[in-house]
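Take a look at the structure below.
For reference, positions follow the sequence shown, starting with 1. Excluded from the calculations below are hydrogen atoms, water molecules and symmetry mates; all remaining heavy atoms, backbone and side chain alike, are included.
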Amino acid sequence: MTIRLYDTSARQIRDFAPLTPGCVSIYLCGATVQAAPHIGHVRSGLNFDIMRRWFAYRGYDVTFVRNVTDIDDKIIKKAAEQNRPWWSIGYENERAFNDAYDALGCLPPTYEPRATGHITEMVEMMRGLIERGHAYEADGNVYFDVRSLPGYLSLSNQDLDELRQPAGEGETGKRDPRDFAMWKAAKPGEPSWETPWGRGRPGWHLECSAMAHKYLGEEFDVHGGGIDLIFPHHENEIAQAKGFGDAFARYWVHNAWVTMSGEKMSKSLGNSVLVSEMVKKWRPVVLRYYLGTPHYRSTIEYSEESLREAESAYARIEGFAQRVTELAGHAVEPADEVPPAFAEAMDDDLGVPQALAIVHTTVRQGNSALAADDKEAAVARLAEVRAMLGVLGLDPLDAQWAGEQEQGEDLRHVVDSLVRLVLDQREAARARKDWATADAIRDRLAQSGLAIEDSPQGPRWSLGPR
């Protein structure tokens, strides 16, 4: 068994070899909390949640660090626009992100450090970089000298002479316009902390290098994030860490975007879809299925139609699980191991689409067993389905998702009683061979959003596709 991952720095799929046998250390760039999360933001959290679950299934002890950027230019700008304290903006949106992660079934990180809680570590790193000749102070700012580090831009594969480094307001005193700010001098009314070079606040990139060093040491296994972070953020993280003397990440893994009309989903473009609003329209497990089942390196083009397809696909799995549970008369526990074909797909760069195809094949086999009244085979297939979906965080019988169904149980009992009355009329029509009336009743129920299935135990209903 060998897990293989696409390593951005190598530009190829590589066999995964952990730094410490039996252990995996992952650092994921988390939320910048200037606004509430849209579904593009949480895709990264979902993709790396699946990675973490798969490593754990394969027997690794996983340390998973996901940071919170709670101070940056955007947060300060929002605070000024809304006439609120910067920390109030950050805390409110940090809670919104955690609510979104929880709603979509992401396991909590081992550690979730905030940037503002690690100023001491940042100052220590800047001091070390200045001593080693990789950084310098100017006008109260501290800059990284990009020409001092051979190999800079190897992750993004750019030419230094052609580089256009993003620059912020007040970044004065640079020796080279391509140098980037690690620390920004204090401005009136902005938050600031005391350093040997005067009061100021962190730049965007310094926090992650410092926090990865603190929680995962000089070298760790996997650094993750969205493809939009490859440059400048991850490139500059590498520069700071290696200039400080760390080996840093052994594998770089990046997830693709969620787009709308071909553009990255972004608050600035006005095309975002907030998670808090989406979970009012769609069940959270359907959102997880929709965002988590495409391959992590594939772009997702957002559409209501795709969400409806995800809803229908997941409903087929739920329907199978419900029918087998009823037949068995008890809860069916997940199998101890997933099928070999599923494991092979997941080992190959987290091939979730191929793995999910095994899930649906197993569901079809289980439905065939149900039709043949083969209880033993149906139960065995459900056990396999639960094991596979547990790895993906999508087990319909898991307490989190079963709770979704329980929330509407009272209403379901009422609807069930009403539908049963109509189905009794349909059965009476069928008994007298009045097929036109029976078909008309079924069609009217379908128009109302109900799917009717005729089983050996009698007709059953479920919510159909929207």
Side-chain angles (χ1 to χ4, degrees), residues 8-9 27 29 32 67 69 71-77 115-116 118-214 218-219 223 225 228-249 252:
T8 304
S9 61
Y27 186 94
C29 284
T32 299
N67 77 297
T69 298
I71 184 70
D72 84 332
D73 293 342
K74 295 177 182 177
I75 294 171
I76 293 171
K77 181 180 179 182
T116 55
H118 297 79
I119 301 300
T120 299
E121 289 80 3
M122 296 184 211
V123 170
E124 179 184 352
M125 183 164 278
M126 285 188 289
R127 183 183 287 115
L129 288 167
I130 290 173
E131 290 173 354
R132 291 171 174 82
H134 293 298
Y136 58 94
E137 181 273 337
D139 301 336
N141 303 297
V142 179
Y143 298 108
F144 189 93
D145 179 358
V146 298
R147 288 192 175 276
S148 71
L149 189 75
Y152 180 63
L153 299 180
S154 61
L155 181 68
S156 56
N157 199 29
Q158 297 185 78
D159 183 343
L160 182 59
D161 291 332
E162 301 296 324
L163 179 66
R164 296 292 180 269
Q165 186 84 255
E169 182 182 350
E171 294 185 8
T172 60
K174 284 187 180 182
R175 298 174 183 171
D176 187 312
R178 288 161 291 200
D179 294 346
F180 62 86
M182 295 188 294
W183 190 261
K184 299 187 177 187
K187 298 178 186 176
E190 287 189 355
S192 63
W193 289 262
E194 189 62 62
T195 75
W197 314 283
R199 295 191 67 84
R201 60 178 176 85
W204 178 25
H205 316 299
L206 179 63
E207 60 182 275
C208 286
S209 299
M211 290 189 288
H213 177 89
K214 178 180 177 68
E218 296 180 0
E219 186 175 14
H223 195 311
D228 52 317
L229 299 181
I230 294 173
F231 182 83
H233 187 51
H234 288 166
E235 198 73 79
N236 292 346
E237 276 189 64
I238 294 170
Q240 293 162 157
K242 294 200 169 182
F244 190 65
D246 289 355
F248 212 48
W252 285 87

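- H134 is linked by a side chain to side chain donor-acceptor pair (under 3.5 Å) to S148, counting only residues two or more places apart in sequence or in another chain.
- A search for side chain to side chain donor-acceptor pair (under 3.5 Å) contacts involving D145 returns nothing, not counting sequence neighbours.
- For the atom pair CG (L229) and SG (C208), the distance works out to 8.5 Å, reported to the nearest 0.5 Å.
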Please evaluate residues K242 and D246 with respect to the criterion side-chain contact (heavy atoms from CB on, under 4.5 Å), reporting the C-alpha separation (whole Å), side-chain torsions for both, the decisive distance (0.1 Å), and the verdict. CA-CA 5 Å; K242 294 200 169 182; D246 289 355; over 6 Å; no
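- Residues W204 and E237 are not in side-chain contact: their nearest non-hydrogen atoms beyond the backbone lie 4.5 Å or more apart.
- Not counting sequence neighbours, the partners of H213 by the ring-ring contact (aromatic ring centres under 6.0 Å, His included) test are F244.
- The aromatic rings of Y27 and H223 sit tilted relative to each other, their planes meeting at an angle between 30° and 60°.
- Looking only at atom types and distance, the side chain of Q165 has no donor-acceptor partner in the side chain of D179 under 3.5 Å away.
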Please list, one pair per line, the donor and acceptor atoms closer than 3.5 Å that link side chains of residues 182-191 to other protein atoms, with sequence neighbours excluded.
{"unit_1": "K184", "atom_1": "NZ", "unit_2": "D73", "atom_2": "OD2", "d": "3.0"}
{"unit_1": "K187", "atom_1": "NZ", "unit_2": "E169", "atom_2": "O", "d": "3.2"}
{"unit_1": "E190", "atom_1": "OE1", "unit_2": "R201", "atom_2": "NE", "d": "3.3"}

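- Between D139 and K174, no side-chain nitrogen of the basic residue sits less than 4.0 Å from a carboxylate oxygen of the acidic one, so the salt-bridge criterion is not met.
- Within the 4.5 Å cutoff, side-chain heavy atoms of I71 are placed close to those of I76.
- Residues passing the side-chain contact (heavy atoms from CB on, under 4.5 Å) test with I230, sequence neighbours excluded: T8, L155, S156, I227, H254.
- Each of V146, L163, D159 was evaluated against L153; a single residue qualifies, L163, per the side chain to side chain contact (heavy atoms under 4.5 Å, CB included) test.
- Applying the ring-ring contact (aromatic ring centres under 6.0 Å, His included) rule to Y136 yields the partners Y143; only residues at least two apart in sequence or on another chain are considered.
- Salt-bridge formation is not detected for the pair D72/K74: no Lys NZ or Arg NE/NH1/NH2 atom is positioned less than 4.0 Å from an Asp or Glu carboxylate oxygen.
- Annotation: side chain of D161 is in contact with side chain of R178 (closest heavy-atom distance under 4.5 Å).
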